[in-house]
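Whatever order the structure lists them in is the order used to number ligands and atoms, beginning at 1. All values below were derived from every heavy atom in this structure, side-chain atoms included, with hydrogens, water molecules and symmetry-related copies excluded.
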Amino acid sequence: MTQIKKRTTASTLLADKQAQRKQVWLTAYDTPTAALAEMAGVDVILVGDSLGMVSLGFDSTIPVTLEHMIHHTAAVVRGRDKAWVVCDLPFGSYQASPEQAFASAAQVLQQTGCDAVKIEGGQHMAATIAFLSERGIAVVAHLGLTPQSVKKFGGFKRQGQSDEAADIIFQDAQAVSNAGAVAVVLECIPDDLAARISAAIEIPSIGIGAGKDCDGQVLVWHDLLGLSEKNPPFAPAYTNLRESITTAIGQWCDDVRAGKQP
Ligand code: KIV
């Protein structure tokens, strides 16, 4: 287990890219899981708006609010020591204008103590990324399968499959990098496209379902630990906590009903 020694910062992320050190990002949504992720050695904890799907019972990330994100990100910050904490700005809290994005990001940073915000979108969000970055906010961009656009995509589908679609994502990556994003998440795009983007931009690319040539990888807590009912095809489960948990609870139920507990 590799433990991180120094606090991760935006500068660490860029230095890692230059030194070709792979970054490890993992989602977490509360204090104890943030502490466990950090003990296990992750560099960055992402409080993803996947929160809505893995913890709050929604069928997409669309219903997640700024209040949900602030509540859970503040809990994660209380559990971290050295990991960098990124909070997703939820649907509807940043798309209307750079000013709206600034107001939401400021609220998140002030009320949670996290280090950065993540927003979905490429060329059309570049002006917003520049606006936030010029005002001192660390911004992570998110391209490819951007879950807040699931209704437009018609489902959680792999993106960038045609040459034309791949070119747009490539240009999106250059646009967010030039606008001042400190990293970019590439979700569910062809491996060769992610490799081309990673070689072309100066900021780290963090892949999920985007192949091994990204500068780092991110996974959702529930997928990695076998807590999800069904993992996406690109997300490996390293253990089966669903089984361990239901077995343990089932044994306790049996023991109570048999009068063996307490
Ligand atoms: O919301 C989330 O967990 C994410 C990751 C899948 C990258 O954005």
Asks: Is a side-chain N or O of Ser104 found less than 3.5 angstrom from the main chain of Ser93, in a donor-acceptor match?
Replies: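 Side chain of Ser104 to backbone of Ser93: a pair is present.
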Asks: Between Tyr29 and His222, is the ring centroid distance below 6.0 Å?
Replies: yes
Asks: What orientation do His68 and Phe58 show, parallel under 30°, tilted 30 to 60°, or perpendicular over 60°?
Replies: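 Ring orientation of His68 relative to Phe58: tilted.
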Asks: Pull out every atom of ligand 1 sitting under 4.0 Å from any heavy atom of Thr27, numbered as shown with elements.
Replies: 3 (O)
Asks: Measure Asp88 to ligand 1 on non-hydrogen atoms and call it side chain, backbone, both or neither using the 4.0 Å cut-off.
Replies: side chain
Asks: Quick one: which ligand 1 atoms are inside 4.0 Å of a heavy atom on His142?
Replies: 8 (O)
Asks: With no hydrogens and no angle check, is any side-chain donor or acceptor of Thr8 less than 3.5 Å from a backbone partner on Asp43?
Replies: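 Pair found, side chain donor or acceptor close to backbone of Asp43.
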Asks: Look at atom 3 (O) of ligand 1 and say which protein heavy atom is nearest, naming residue and atom and giving the distance to 0.1 Å.
Replies: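 Of the protein heavy atoms, Ser50 OG, 2.5 Å lies nearest.
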Asks: With backbone taken as N, CA, C and O and side chain as the heavy atoms from C-beta onward, which portion of Leu46 lies under 4.0 Å from ligand 1: side chain, backbone, both, or neither?
Replies: side chain
Asks: Any carboxylate oxygen within less than 4.0 angstrom of a Lys/Arg side-chain nitrogen, looking at Asp213 and Lys22?
Replies: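 No, no charged N to carboxylate O under 4.0 Å.
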Asks: Please list, in number order, the atoms of ligand 1 under 4.0 Å from a heavy atom of Gly48.
Replies: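 Answer, ordered by atom number: 1 (O), 2 (C), 3 (O).
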Asks: Is the side chain of Ser177 donor-acceptor paired with the backbone N or O of Ala173 at a distance under 3.5 Å, no angle test?
Replies: no
Asks: Under 4.0 Å from a heavy atom of Asp49: give me the atoms of ligand 1 that qualify, with their elements.
Replies: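 The atoms of ligand 1 under 4.0 Å from a heavy atom of Asp49 are 1 (O).
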Asks: Out of Gln148, His222, Lys118, Met53, who gets a non-hydrogen atom closest to atom 8 (O) of ligand 1?
Replies: Lys118
